[in-house]
Student: 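Mind looking over this structure? Questions follow.
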Amino acid sequence: MIYSRIEGSGRHLPEKILTNHDLEKLVDTSDEWIKTRTGVERRHIASKDQATSDLGIEAAKKAIIDANISKEDIDLIVLGTTTPDYVFPNTATLIQEGLGIHGCPAFSLEAACSGFVYALSTADKFVRSGSSKCALVIGAEVMTKLIDWEDRSTCVLFGDGAGALILKPSEEQGIIDCKLGADGKYKDLLWYPAGVSKNFDKLGGNLTNLEMSGNDVFKVAVKTLGNVAEDTLNQNNINKDELDWLVPHQANLRIIQATAKRLELPMNKVILTVHDHGNTSSASIPMAFDVGVKDGRIQRGQLILMEAFGGGFTWGSVLMRY
Ligand code: COA
């Protein structure tokens with residue numbers, strides 16, 4: 001049996017850091033409120049001329065070095081993003097060009113904060129079917145460009161960044177199972193209501209903003225993530241205590257704690273970056289994974305569960321041995 005296995009990872013964060021104390025000067029909020037309700041302490045913010053592709057290129061370069069491959073080995077690029085550079089060409093092609101690679105398929109997937117698990121699950125199918133021998137999978141976002149900096153209920157939550165993984169086929173166990181789901185009936189609980197075919201004239205600037213019913217999102221997220229995490233383990237006959245690491249989407253510390261509780265996992269088995277990164281949408285899982293690998297916590301052979309939830313709603317999980 002052929003598995004797809006992670007060969008290397010990388011992350012890139014914009015230099016500029018905005019702390020909760022900086023936000024206290026912009027809106028009526030406090031470091032204490034933000035920390036207690038969300039777990040966020042600071043976030044990285046892309047500069048005016050820093051695009052999603054710029055962050056994605058830097059993360060990809062680090063993943064290529066980490067995997068000890070040459071960029072020419074890459075035969076597939078899949079990017080999860082909600083904040084593409086342009087309407088077209090898709091941002092994965094811009095990353096391809098920035099890396100100096102030509103010819104391989106490159107496409108973006110749009111599934112809000114679940115974008116990376118959707119991208120990883122898609123690339124896994126290419127690798128396992130033999131269509132790809134070396135896939136670059138990226139989550140990259142500049143969510144703060146969609147933010148209304150006068151809306152305290154959303155501007156405190158998000159940050160920017162990119163994470164990348166290199167996937168290769170292996171006879172050793174790698175990705176074991178991916179589960180994806182969506183339910184469009186919840187679309188207006190978390191959305192940015194402008195795009196190409198609706199409200200195009202309002203796209204960008206602060207004319208239309210990200211809108212969120214925080215409480216409702218919170219409740220559905222906790223329930224759905226708990227269900228998808230438990231189902232993934234049950235359907236693969238894995239006991240909760242066999243799991244080495246939970247690498248969750250980093251939207252809110254309290255949502256992560258609820259999922260860990262449902263999995264009976266102590267918080268020291270959860271990779272947390274929400275305090276440093278905020279919610280970076282599709283970028284949060286690959287960046288958290290890279291943090292855990294680079295600081296030595298995530299080791300080869302360990303059992304890892306990634307899980308994400310986002311606008312749509314969309315959700316998903318990836319169970320793997322690293
Ligand atoms: N600073 C201070 N007060 C704030 C605030 C801020 N940044 N944002 C909202 N408040 C106020 C509200 O106005 C409200 O005041 P009121 O009681 O006088 O009306 C009060 O805090 C409580 O607001 P509420 O929305 O009920 O807070 P909450 O405990 O639900 O926390 C979120 C808000 C957004 C942190 C929380 O709902 C959440 O994390 N939801 C999930 C969001 C998410 O994860 N989205 C992405 C999914 S991928």
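On a predicted model such as this, the values are computed, not experimentally measured, just so you know. When a ligand or atom number is given, it counts from 1 through the structure's own listing order.
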Student: By number and element, which atoms of ligand 1 are closer than 4.0 Å to a non-hydrogen atom of T38?
Tutor: 35 (C)
Student: I need the nearest protein heavy-atom contact for atom 41 (C) of ligand 1: residue, atom name and distance, please.
Tutor: G214 O, 3.6 Å
Student: For ligand 1, which atoms sit closer than 4.0 Å to a heavy atom of H249?
Tutor: 48 (S)
Student: Does a salt bridge link D28 with R152, judged by any charged N lying under 4.0 Å from a carboxylate O?
Tutor: yes
Student: With a cut-off of 4.0 Å, which atoms of ligand 1 are near a heavy atom of I255?
Tutor: 44 (O)
Student: Does any N/O atom on N252 come nearer than 3.5 Å to any N/O atom on ligand 1?
Tutor: yes
Student: Does the protein put a heavy atom under 4.0 Å from atom 12 (C) of ligand 1?
Tutor: yes
Student: Tell me, please: is S153 in heavy-atom contact with ligand 1, that is, under 4.0 Å?
Tutor: yes
Student: Give the numbers and elements of all ligand 1 atoms closer than 4.0 Å to a heavy atom of N279.
Tutor: 46 (C), 48 (S)
Student: For atom 35 (C) of ligand 1, is some protein heavy-atom partner under 4.0 Å away?
Tutor: yes
Student: Do S121 and K125 meet the criterion of a side-chain donor-acceptor pair at a distance under 3.5 Å?
Tutor: yes
Student: I'd like to know if K240 and E264 make a salt bridge, using a cut-off of under 4.0 Å between side-chain N and carboxylate O.
Tutor: yes
Student: Counting from 1, what ligand 1 atoms have a heavy atom of C113 closer than 4.0 Å?
Tutor: 48 (S)
Student: Can you find a protein heavy atom closer to atom 20 (C) of ligand 1 than 4.0 Å?
Tutor: no
Student: Do R42 and D276 meet the salt-bridge criterion of a basic N to acidic O distance under 4.0 Å?
Tutor: yes
Student: Kindly state each residue pair satisfying ring-ring contact (aromatic ring centres under 6.0 Å, His included) with at least one member in residues 294-322, sequence neighbours excluded.
Tutor: Y186-F313, F289-Y322, F309-F313
Student: Under 4.0 angstrom from atom 1 (N) of ligand 1, is there any protein heavy atom?
Tutor: yes
Student: Suppose I only count heavy atoms of R254 and a 4.0 Å limit; which atoms of ligand 1 are within that range?
Tutor: 29 (O), 31 (O)
Student: Taking 4.0 Å as the limit for heavy-atom contacts, which would you say applies to V27 with ligand 1: side chain only, backbone only, both, or neither?
Tutor: neither
Student: Answer yes or no: is there an ion pair linking E172 with R321, defined by an N-O contact shorter than 4.0 Å?
Tutor: no
Student: Polar contacts were defined as any N/O atom of the residue lying under 3.5 Å from an N/O atom of the ligand; does this apply to N215 and ligand 1?
Tutor: yes
Student: May I ask you to check if ligand 1 and I34 share an N or O to N or O distance below 3.5 Å?
Tutor: no
Student: Hey, could you give me the OG/CD1 distance between S70 and I65, rounded to the nearest 0.5 Å?
Tutor: 12.0 Å
Student: Is the shortest distance from a Lys or Arg side-chain nitrogen in D124 or R128 to a carboxylate oxygen in the other one below 4.0 Å?
Tutor: yes
Student: At less than 4.0 angstrom from any non-hydrogen atom of A251, what atoms of ligand 1 do you find?
Tutor: 44 (O)
Student: Linking Ile, Leu, Val, Met, Phe, Trp and Tyr through side-chain heavy atoms less than 4.5 Å apart, which residues share a cluster with L79?
Tutor: I57, I64, I69, I74, I77, I95, L99, I101, L136, I138, I166
Student: Does atom CD (Q235) have a neighbourhood of more than 12 heavy atoms from anything else shown, all under 6.0 Å?
Tutor: yes
Student: What are the atoms of ligand 1, with element, lying closer than 4.0 Å to any heavy atom of V156?
Tutor: 7 (N)
Student: Considering residues, nucleotides and ligands other than E97, do more than 12 of their heavy atoms fall under 6.0 Å from its CD?
Tutor: no
Student: List the closest protein heavy-atom neighbour of atom 42 (C) of ligand 1: residue, atom name, distance to the nearest 0.1 Å.
Tutor: M212 SD, 3.6 Å
Student: Counting heavy atoms only, name the option from K219, R37, R152 that's nearest to atom 22 (C) of ligand 1.
Tutor: R37
Student: If you have a sec, work out which protein heavy atom is nearest atom 48 (S) of ligand 1 and how many Å separate them, to one decimal?
Tutor: F309 O, 3.2 Å
Student: Does a side chain donor of either S281 or E141 reach within less than 3.5 Å of an acceptor in the other side chain?
Tutor: yes
Student: With no hydrogens and no angle check, do the side chains of R297 and N268 hold a donor and an acceptor under 3.5 Å apart?
Tutor: no
Student: Give the contacting part of T154 toward ligand 1: side chain, backbone, both or neither, where contact means a heavy-atom distance below 4.0 Å.
Tutor: neither
Student: Considering only the protein, which heavy-atom contact is closest to atom 8 (N) of ligand 1, and what is its distance?
Tutor: W33 CH2, 3.3 Å
Student: Protein heavy atom under 4.0 angstrom of atom 17 (O) of ligand 1, is there one?
Tutor: no
Student: Is the shortest distance from a Lys or Arg side-chain nitrogen in K71 or D73 to a carboxylate oxygen in the other one below 4.0 Å?
Tutor: no
